[in-house]
There are 2 protein chains.
Amino acid sequence: MARTLEFDYDTTLERATRLFWKSGYAGTSLRDLLKEMGIGESSFYNTMKSKKRAYLECLKHYNETVARKRAKVFLEAPTAALGVRALFNNMLESLDNPDTPAVICMMAGSLTHEVLDEAELREYIEGRMTTLRDTMIARMNADKRDGLLTAGFEPQFVVPIVSTYMQGLWRMALVSYERSSFERQIDVFLTGLGL
Amino acid sequence: MARTLEFDYDTTLERATRLFWKSGYAGTSLRDLLKEMGIGESSFYNTMKSKKRAYLECLKHYNETVARKRAKVFLEAPTAALGVRALFNNMLESLDNPDTPAVICMMAGSLTHEVLDEAELREYIEGRMTTLRDTMIARMNADKRDGLLTAGFEPQFVVPIVSTYMQGLWRMALVSYERSSFERQIDVFLTGLGL
DNA sequence: CCCATTATGTATCGAGTGCTACAGATCGTC
DNA sequence: GACGATCTGTAGCACTCGATACATAATGGG
């Protein structure tokens, strides 16, 4: 019926994701993005419609890969407490891995005015964060019923604390990161919370 | 000897600070900045030299006012534990106060690539953060010697946790803020740490 | 009053922004 | 193999960015 796409959508999306991840939304210009994706303006606007929508697609792609793996790491641990610790270990591995595009999680990097001011982006991000928190809370409540967590343990407060602390850690890593120091403070933090 | 300045430096610096505070470094254009300050390009570059240097001056001004007040709030509390809690209360008051220019601390808002990529800005920010942490650690060590904190309490790990968590809170407030929820989780957090 | 010195207003620079118009290339269908 | 449909390359849009050139205006010492 018509001409076929000359580029592979998944490949270009993957490349775009890594660039957005590394440089942020406003920090990535359309020219840089196109260069990285290896396509022209026409192809880009034909498939993506706008930079904002492209970022949204990249965020989704990020969640279907990186974030999904993190959720898996958490859920497959024998207990919620170990799951949370596995999550932080996964974070430290990302920080140590030179192949990781950025020193910050793409979701954490999206917690800025430039991104949050775009209604569609904000909505998606809020949704993902809520989902992740709900998953963790549910898991902890299950553990609590099984007696794996003390009766005084309150998942609905602990989980926001954990995710807030993690957001802070991603930011702090931007300033300076040293594994042993991070490891130690994470351990003190989690132990204090009863995890 | 020469022509006198037509504007009041302190006033324009104050205005610039509030705009930078609200909109961030990259998010504030020179045009908006000049409009807010009520001066022209010539006057600006004559006294400030560049946007980067202007931001640095604003950061310093911010620290000499807002951040200084926060440090005072911490130090004047009867104990380090109460000081930390007073600090969080001060934060919540800022969040509640509609006169506060932004929903984020200017220092927390500076923990981005756009700012941290500028060597002079990064250096200043690192310095301030280190100073604040050292102040808190010293205070806690004093309390520890006085028996106000348990022997197992380790200030050198707890303080980074507290400041990291606070950075996370500022970010989270960008997404959604509700005082009662924040209050509750802060209390659980601090209690867990032994504060 | 002249003059060096400094401040200000205006106009503009060159580069970069996201995005679009449009002509031409390539496809499946008849 | 002509046709309509879709894709792609190029050029450029209108705008904004931070920064600067330069003429003019004010200042106070000599």
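Sequence lines set the chain letters: A, B, ... in the order given, protein chains first and strands last, and positions in each chain run from 1. Hydrogens, waters and symmetry mates are skipped; everything else that's a heavy atom, side chains included, is used. None of these values were measured; they are calculated from a predicted model.
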Query raised in the report: With no angle test and no hydrogens, is the base of dG28(C) tied to the side chain of Arg3(A) by a donor-acceptor pair under 3.5 Å?
Result: no

Query raised in the report: What's the CD-P distance between Glu114(B) and dG18(D), to the nearest Å?
Result: 11 Å

Query raised in the report: Quick one: Ile39(A) CD1 to dC7(D) C1', roughly how many Å, whole number?
Result: 11 Å

Query raised in the report: Using a cut-off of less than 4.0 Å, is there contact between a side-chain N or O of Ser29(B) and OP1 or OP2 of dT16(D)?
Result: no

Query - Rounded interatomic separation in angstrom, taking CG from Asn46(A) and C1' from dT20(C) - result: 12 Å

Query raised in the report: Between dG16(C) atom C1' and Lys51(A) atom NZ, what is the distance in whole Å?
Result: 12 Å

Report task. Tell me what Thr47(A) touches on the nucleic acid: a base, only sugar-phosphate, or nothing, going by heavy atoms under 4.0 Å. Result -> nothing

Requested in this report: Hey, which sits more toward the 5' end of DNA chain D by its nearest nucleotide, Leu30(B) or Glu41(A)?
Outcome: Glu41(A)

Query - Which atom of Lys51(A) lies closest to which atom of Tyr25(A), heavy atoms considered - result: NZ-O, 3.0 Å

**Report entry** Polar side chain donor-acceptor pair, Ser50(A) to Tyr55(A), under 3.5 angstrom
**Finding:** no

Requested in this report: Rounded off to whole Å, could you give me the CG-to-P distance for the Asp8(B) and dA7(C) pair?
Outcome: 15 Å

Requested in this report: Rounded to the nearest angstrom, tell me the gap between atom CZ in Phe44(A) and atom C1' in dG9(D).
Outcome: 16 Å

Report task. Scan Phe7(B) against the nucleic acid and name what it touches under 4.0 Å (heavy atoms): base, sugar-phosphate only, or nothing. Result -> sugar-phosphate

Report task. Return the value, rounded to whole Å, for the distance between atom CG of Asp32(A) and atom P of dG16(C). Result -> 10 Å

Query raised in the report: Any donor-acceptor pair under 3.5 Å between the side chain of Arg31(A) and the base of dG16(C)?
Result: no

Query raised in the report: How close or far is atom C1' of dA26(D) from atom CD of Glu6(B), stated in whole angstroms?
Result: 8 Å

Requested in this report: Would you name the heavy atoms of Arg139(B) and Ala77(B) that are closest together and state the gap between them?
Outcome: NH1-O, 3.2 Å

**Report entry** Check against salt bridge (charged side-chain N to carboxylate O under 4.0 Å, His left out), Lys52(B) and Glu118(B)
**Finding:** CA-CA 8 Å; Lys52(B) 176 172 65 174; Glu118(B) 302 283 353; 3.5 Å; yes

Report task. Can you check whether any acceptor in the base of dG9(D) is under 3.5 Å from a donor in the side chain of Ser42(A), or vice versa? Result -> yes

Query raised in the report: More 5' along DNA chain C: Ala26(A) or Ser43(B), using each one's nearest nucleotide?
Result: Ser43(B)

Query raised in the report: Arg70(B) and side-chain hydrogen bond (donor to acceptor under 3.5 Å, both in side chains): which partner among Asn90(B), Asn63(B), Thr65(B)?
Result: Asn90(B)

